[in-house]
Structures are given as structure tokens and as C-alpha cells.
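Note that the numbering runs from 1 along the sequence shown for the chain.
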Amino acid sequence: MAVSLLDRVRSYVEPLILVGISISYLPITAVLHPLLLVSSPTSFRAKWFENFWRIIGPKMAASEIQVEHIDELLSRARGAVLELGPGGGDQMYHYRPGQISTLYGAEPNAFLHARLAEMAAAHGLGGAKFVALEAAAQPGSLLPALKKAGLVPATTSTLPEQGVFDTVVAIKSLCSAPQPQLAATVAVIQALLKPGGEFLFFEHVENSSDPVTMSYAWLLGWFWPLFTGGCRLNGKVDRIILGMGGWDQRSVTTTGDFRGHEVFRYVKGICRKT
Ligand SMILES: C[S@@+](CC[C@H](N)C(=O)[O-])C[C@H]1O[C@@H](n2cnc3c(N)ncnc32)[C@H](O)[C@@H]1O
Ligand SMILES: *[C@@H]1O[C@H](CO)[C@@H](O)[C@H](O)[C@H]1NC(C)=O
């Protein structure tokens, strides 16, 4: 499948533009939060990402090639829902609040929480219907937060056999979770689902069919995470899902007109726990 040089260059420039935009928020953040810069580099990075994401998040959430897929996924969310990495709540408008009892948003970046709660309330998930958790997706962060919130018993080391959530959602957030722990993270997501519950995801993943793109992504990988809140370009959630049991239905599809040379291959997943 021949790809024109122009198409290739275009798709290689795309991530560089994002890095450029992110860099432009660095001096503003440093000027506004000099104390954070010296006292806590981790908080400074989180603040920097928040400034960047407040502008870019809504633009990305409006991206025409993604909107209908994300709507298809989030319109399925029902009952007790756990969303991993909801950011500033830019995808909230896809939820059908009438079929949701409570939405738990596990967002590790606390600077995004105020906007997240605002967006939830603005889209029919206000008051007791939305609970923000300051937690990341990996088990070492998620499970203590679920225990603290009383969703998982604090005293036992095993998860409730009947599950906890009807739906678990991840939209472009698992790329920022620690990749070596991704299989364990997905296993815990499955364990947290009630029988018949669904894991819904929309993520960009690696595609190894084009060696030139693989090499380019490898090069980018040296600095990309620094400017994108820890995002990785070589996600494998699709392969992990396809390689594990415990789902009675599972559909993992590449979206858009992916041709192999792009840095981002977006996949949509609908997985129903047995
Ligand atoms: C690209 S943004 C997407 C936000 C939102 N899902 C959206 O589509 O607008 C990635 C989000 O993942 C969060 N994140 C970072 N590390 C994470 C982790 N280890 N587990 C879960 N979420 C994480 C970031 O704070 C950020 O809000
Ligand atoms: C690359 O993407 C194509 C198109 O979606 C898919 O058929 C193929 O299995 C992918 N290859 C890998 C190794 O992920």
C-alpha cells in the first residue's frame, strides 16, 4: 500500500504541533506558579498539563473523526460507572444521565477536578450523581481510592466477587498509565465489573506494520511523554484485551481510515464481562 510522502509528512507533523502547543504553555505556567516549579516538579507538571488541556481538551473532544465513536461508547454507560482519566470532563456530554446512577471519575490530576465537577453538573450528572476520585488507573493507585470511597471493602485483599461497576470507561487515558502494568490494570478493570458489565474504551495504540513510522514513534517517544502528561505512543490495550479471557463479547475495531503510516491508530473497544 503506497503512501504519498506528503501524507506521511503530514501525519508526522501532527504530534509535533501538539508538542509545540504544549511548550507554549510552559512559560505561562512558570510565571504564574513559580513556587510550584521549585517546591514540587510533579505538581508543576500537572499544572502545566491542566493549562494546556483546558484549551486543547475541548478542541480534541470536538474532533469530527472521533465524536461519533465516543458517543457510541458513552451512550452505553449505565448504572454505576467508573471513568478512568476523565480530564476536564470534555466528553461528559455524551453520557445519558437518565441511565446512570453514579459516575465515579478517577482523575489523578487534581487541578482538573474543579472543571470536571462543573462539566458533570452541566450535563445532568450533578450533586450525588458525580464523585471525583484523585486516582490513576493502575491498581496501586485505583484500589486504595476505591477503598477510601467505600466502594471496595477496606479490610480484605480480594475484590467483591459480584463486582462493583456496571460500566468502566477509558477515553484516551490508558496511554498515560504505566505501560508495564497495563495488563494488570486491565485485569483489575475486569475484576471490578459486575457480570455482564461493560468495559468501553477509545485509545490510540501501536501498529507495527510500518517500520518507518515505528522508528519515528520511537524517536518521538524520548520526549513526547514530557509534553503530554505522560502519554505513550506504543499502547497495547487492544492486544491485551484480545489476549485475555473472561469476556463473553468483545469487539475491538480500528476507527477511521487508518492506513498504517500514522503515528496514532485509534481503537474502539466494547467488552462485556462474562
Ligand atoms: C489526553 S487526556 C484525556 C482526557 C479525557 N478523557 C478526554 O477525552 O477529554 C488524558 C487524561 O488521563 C489522565 N491520566 C494521566 N495519567 C493517568 C493514569 N495513570 N491513569 C488514568 N488517567 C491518567 C490525565 O490527567 C488526563 O486527564
Ligand atoms: C495495524 O493496523 C491494521 C489496520 O487496522 C490491522 O489490520 C493490523 O492488525 C495492525 N497491526 C498490528 C501489528 O497492530
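- Judged as a ring-ring contact (aromatic ring centres under 6.0 Å, His included), and not counting sequence neighbours, the contacts of Phe227 are Trp48.
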(Q) For a side chain to side chain contact (heavy atoms under 4.5 Å, CB included) check, start with the C-alpha distance between Phe44 and Leu26, then their side-chain angles and the critical distance, and finish with the verdict. (A) CA-CA 10 Å; Phe44 179 79; Leu26 184 56; 3.8 Å; yes
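- Nearest heavy-atom pair across Val188 and Pro139 is CG2-CG, 3.7 Å.
- Here the side chain of Thr185 pairs a donor or acceptor atom with the backbone of Gln181 at under 3.5 angstrom.
- In this structure, OG1 in Thr254 is found 13.5 Å from NE2 in His204, a value given to the nearest 0.5 Å.
- The line from NZ of Lys47 to NE2 of His33 is 4.0 Å long, rounded to the nearest 0.5 Å.
- Identified under the salt bridge (charged side-chain N to carboxylate O under 4.0 Å, His left out) test for residues 220-241, with sequence neighbours left out: Glu206-Lys236, Glu206-Arg239, Asp238-Arg265.
- Ser157 meets the side chain to side chain contact (heavy atoms under 4.5 Å, CB included) test with no other residue; sequence neighbours excluded.
- Side chains of Cys175 and Cys231 form a contact here, defined as non-hydrogen atoms less than 4.5 Å apart.
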Q: Check step by step if salt bridge (Lys or Arg N to Asp or Glu O under 4.0 Å) holds for Arg259 and Asp7.
A: CA-CA 10 Å; Arg259 289 192 292 154; Asp7 280 351; 2.7 Å; yes
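- Here CE of Met244 is found 6.0 Å from CD1 of Ile241. Values are rounded to the nearest 0.5 Å.
- For residues 75-106, the ring pair (Phe, Tyr, Trp, His ring centres under 6.0 Å) pairs, not counting sequence neighbours, are Tyr104-Phe165.
- Using a 4.5 Å cut-off on side-chain heavy atoms (C-beta onward), Leu133 and Leu146 make contact.
- Judged purely by atom type and a 3.5 angstrom limit, Ser11 has no side-chain atom pairing as donor or acceptor with the backbone of Glu262.
- Lys129 places a side-chain N or O within donor-acceptor distance of the main-chain N or O of Ile100, the cut-off being under 3.5 Å.
- Taking the six-membered ring where the residue is Trp, the centroids of Tyr266 and Phe258 are separated by 6.0 Å or more.
- Counting only distance, with no hydrogens or angles, the side chain of Gln179 and the backbone of Ala177 share a donor-acceptor pair below 3.5 Å.
- Put simply, the side chain of Ser22 never gets that close to the backbone of Leu18: no donor and acceptor are under 3.5 Å apart.
- The shortest distance between side-chain heavy atoms of Pro160 and Pro153 falls below 4.5 Å.
- Here the shortest heavy-atom pairing between Leu37 and Ala30 reads CD2-CB, 4.2 Å.
- Smallest separation of non-hydrogen atoms from Gln91 and Ile171: NE2-CG2, 3.9 Å.
- Note on Leu16: it clusters hydrophobically with Leu5, by side-chain heavy-atom contacts below 4.5 Å among ILVMFWY residues.
- Put simply, the side chain of Thr255 does not reach to within 4.5 Å of the side chain of Ile65, judged on heavy atoms.
- Lys268 forms no cation-pi arrangement with Phe202, by the criterion of a distance under 6.0 Å to the ring centre and an angle within 45° of the ring axis.
- Note: the hydrophobic cluster containing Val38 does not contain Leu36 (ILVMFWY, side chain heavy atoms under 4.5 Å, direct or indirect links).
- Gln190 contributes a side-chain N or O that, together with a main-chain N or O of Gly245, makes up a donor-acceptor pair within less than 3.5 Å.
- Ser75 places a side-chain N or O within donor-acceptor distance of the main-chain N or O of Glu72, the cut-off being under 3.5 Å.
- Of the options Arg10, Glu14, Arg8, a side chain to side chain donor-acceptor pair (under 3.5 Å) to Tyr12 is made by Arg8 and by none of the others.
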Q. Yes or no on side chain to side chain contact (heavy atoms under 4.5 Å, CB included) for Val81 and Thr102, after CA distance, side-chain angles and deciding distance?
A. CA-CA 6 Å; Val81 180; Thr102 311; over 6 Å; no
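- One distance of note links CH2 of Trp224 with CG of Leu219; it measures 14.0 Å at 0.5 Å rounding.
- Within the structure, the salt bridge (charged side-chain N to carboxylate O under 4.0 Å, His left out) test picks out no pair touching residues 138-150 (sequence neighbours left out).
- Closest approach of Ala106 and Pro86 over heavy atoms only: O-CD, 3.5 Å.
- Val9 and Tyr216 fall within a single hydrophobic cluster, where Ile, Leu, Val, Met, Phe, Trp and Tyr side chains are chained together by heavy-atom contacts under 4.5 Å.
- Judged purely by atom type and a 3.5 angstrom limit, Asn109 uses its side chain to pair as donor or acceptor with the backbone of Ala46.
- For the pair Glu203 (side chain) and Leu174 (backbone), a donor-acceptor distance under 3.5 Å is present.
- Side-chain heavy atoms closer than 4.5 Å link hydrophobic residues (I, L, V, M, F, W, Y) into clusters, and following such links, possibly through other members, connects Leu192 to Val237.
- Pairs passing the salt bridge (charged side-chain N to carboxylate O under 4.0 Å, His left out) check and including a residue from residues 76-96, sequence neighbours excluded, read Asp71-Arg96, Arg76-Glu198, Asp90-Arg115.
- Residues Asn51 and Arg54 form a side-chain contact, since some pair of their non-hydrogen atoms from C-beta on lies under 4.5 Å apart.
- Across every non-hydrogen atom of Leu220 and Pro15, the tightest pair is CD1-CG, 3.7 Å.
- Distance check, rounded to the nearest 0.5 Å: CZ of Phe49 to CD1 of Ile56 gives 10.0 Å.
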Q: May I have the step-by-step check of side chain to side chain contact (heavy atoms under 4.5 Å, CB included) for His113 and Glu107, ending in yes or no?
A: CA-CA 7 Å; His113 280 205; Glu107 173 49 62; 3.6 Å; yes
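- Side-chain heavy atoms closer than 4.5 Å link hydrophobic residues (I, L, V, M, F, W, Y) into clusters, and following such links, even through other members, never connects Trp218 to Val205.
- A donor-acceptor pair is defined here as one N or O able to donate and one able to accept, closer than 3.5 Å; no such pair exists between the side chain of Lys273 and the backbone of Trp247.
- Of all heavy-atom pairs spanning Thr274 and Asp248, the tightest one is OG1-N, 3.3 Å.
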Q. For Thr167 and Leu82, what are the C-alpha separation, side-chain angles and deciding distance, and is it a side chain to side chain contact (heavy atoms under 4.5 Å, CB included)?
A. CA-CA 6 Å; Thr167 310; Leu82 170 68; over 6 Å; no
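- Within the model, atoms CG of Leu233 and CE of Met214 stand 11.0 Å from one another, a figure rounded to the nearest 0.5 Å.
- Residue Phe201 is tested with Val169, Val267, Leu84 for a side-chain contact (heavy atoms from CB on, under 4.5 Å); the sole match is Val267.
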